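Heads up: the structure comes next, in structure tokens.
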Amino acid sequence: MKEKIRIIEGDITQQPVDAIVNAANTTLLGGGGVDGAIHRAAGPQLLEETRQIGGCPTGEARVSKGYRLPARWVIHTVGPVWSGGHRNEEVLLANCYRNSLRAAVDAGARSIAFPSISTGAYRFPLERATEIAMRETKRFLEGDDALKEIVFVCFGPEALTTYQNVFQRVFGG
Ligand code: AR6
């Protein structure tokens with residue numbers, strides 16, 4: 001199963017996968033960080049569609065087309081804002097990964113790329129977030145064989161090292 005996982009450093013908007021995941025906010029109307037990059041790369045039709053969708057609660061996921069992106073679909077999920085760990089942040093972040101994987105498979109995707117949800121503007125500690133990402137992905141793959149490739153796109157060398165270390169721990173590298 002671990003052969004399905006790839007960890008790379010790069011820009012998620014450039015990934016040639018069926019679906020990329022967006023770390024959005026509850027409005028789905030765009031923002032900074034990876035959300036801004038995805039909207040810029042996809043073009044204005046993406047915002048038209050997410051406006052129609054009409055928002056997304058924290059921990060859930062919504063699917064749109066990818067427009068000018070190489071990816072056919074964008075899975076918009078809303079991570080929790082970190083506020084010390086006492087507001088159910090870990091459960092909500094796990095929900096993001098599980099619901100995004102489910103939504104991608106239901107749309108028909110066989111490959112998916114994730115950014116590090118909640119670890120930028122929302123300040124979720126990187127290592128804890130990475131553990132949740134890996135654990136939920138492993139659990140999902142144990143129960144569903146549809147996905148053939150899961151790419152974790154790290155934005156910078158610190159994230160890359162963290163992802164590689166946590167991968168060894170969770171998947172037994
Ligand atoms: N490709 C891959 N990863 C990226 C890219 C990129 N092009 N750009 C940034 N990252 P953030 P959040 C990484 O802040 O914490 C937005 O304004 C970045 O280094 O994008 O979930 C939304 O609208 C970090 O590791 O998302 C929300 O309001 C990770 O992506 C809010 O930010 C996530 O950082 C969501 O905050």
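Note that the structure is predicted; figures quoted are calculated from it, not measured. When a ligand or atom number is given, it counts from 1 through the structure's own listing order.
- The aromatic rings of Phe114 and Phe152 sit parallel, their planes meeting at an angle under 30°, below the 60° perpendicular limit.
- Nearest non-hydrogen protein atom to atom 36 (O) of ligand 1 is Tyr122 CG, 3.4 Å.
- Salt bridge absent: Glu149 and Lys4 never bring a charged side-chain N and a carboxylate O closer than 4.0 Å.
- At a 3.5 angstrom cut-off on N or O pairs, Val34 counts as close to ligand 1.
- Taking every non-hydrogen atom of Ala23 and a distance limit under 4.0 Å, the qualifying atoms of ligand 1 come out as 21 (O), 22 (C), 26 (O), 35 (C).
- Just one of Thr50, Asp35, Thr13 meets the side chain to side chain donor-acceptor pair (under 3.5 Å) condition when paired with Asn22; it is Asp35.
- Ligand 1 does not have Thr13 within reach: every non-hydrogen atom of the residue lies 4.0 Å or more from it.
- His39 has its side chain within reach of Leu47: a pair of non-hydrogen atoms, C-beta onward, lies under 4.5 Å apart.
- In terms of protein heavy-atom proximity, atom 21 (O) of ligand 1 is closest to Ser118 N, 2.8 Å.
- Interface atoms of ligand 1 facing Gly32, defined by a heavy-atom separation under 4.0 Å, are 16 (C), 17 (O).
- Side chain to side chain, Asn99 and Arg102 fail the donor-acceptor criterion of an N or O pair below 3.5 Å.
- The nearest heavy-atom contact from the protein to atom 13 (C) of ligand 1 is Phe155 CB, 3.8 Å.
- Side-chain atoms of Arg123 come within 3.5 Å of backbone atoms of Trp82 as a donor-acceptor pair (strictly under, hydrogens ignored).
- Using a non-hydrogen distance threshold of 4.0 Å, Ala159 does not register as a contact of ligand 1.
- When hydrogens are left out, the protein atom nearest atom 14 (O) of ligand 1 is Ala121 N, 2.8 Å; that is the closest non-hydrogen contact.
- Taking 4.5 Å as the limit, every side-chain heavy atom of Arg72 sits out of range of all side-chain heavy atoms of Leu69.
- Near Asn25, the atoms of ligand 1 lying under 4.0 angstrom from a non-hydrogen atom of the residue are 22 (C), 23 (O), 27 (C), 28 (O).
- The nearest heavy-atom contact from the protein to atom 29 (C) of ligand 1 is Ser116 O, 3.2 Å.
- Checked by atom type, the side-chain pair Glu49/Tyr67 shows a donor-acceptor distance below 3.5 Å.
- At the shortest separation from atom 24 (C) of ligand 1 among protein heavy atoms lies Thr119 OG1, 3.7 Å.
- We find that Glu142 and Arg139 are not joined by a salt bridge, their nearest charged nitrogen and carboxylate oxygen being 4.0 Å or further apart.
- The Gly31 neighbourhood of ligand 1 comprises atoms 17 (O), 23 (O), with distances under 4.0 Å to a heavy atom of that residue.
- Ser83 and Glu89 share a donor-acceptor pair across their side chains, judged by distance under 3.5 Å alone.
- Short contacts between ligand 1 and Asp11, defined as distances under 4.0 Å to a heavy atom of the residue, involve ligand atoms 1 (N), 6 (C), 7 (N).
- In terms of protein heavy-atom proximity, atom 15 (O) of ligand 1 is nearest to Gly120 N, 2.8 Å.
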Side chain to side chain contact (heavy atoms under 4.5 Å, CB included) evaluation trace for Val63 with Val74: CA-CA 6 Å; Val63 181; Val74 179; over 6 Å; no
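- Under a 4.0 Å criterion applied to the non-hydrogen atoms of Asp35, ligand 1 contributes the atoms 22 (C), 23 (O).
- Shortest contact from atom 1 (N) of ligand 1 to any protein heavy atom: Ile12 N, 3.0 Å.
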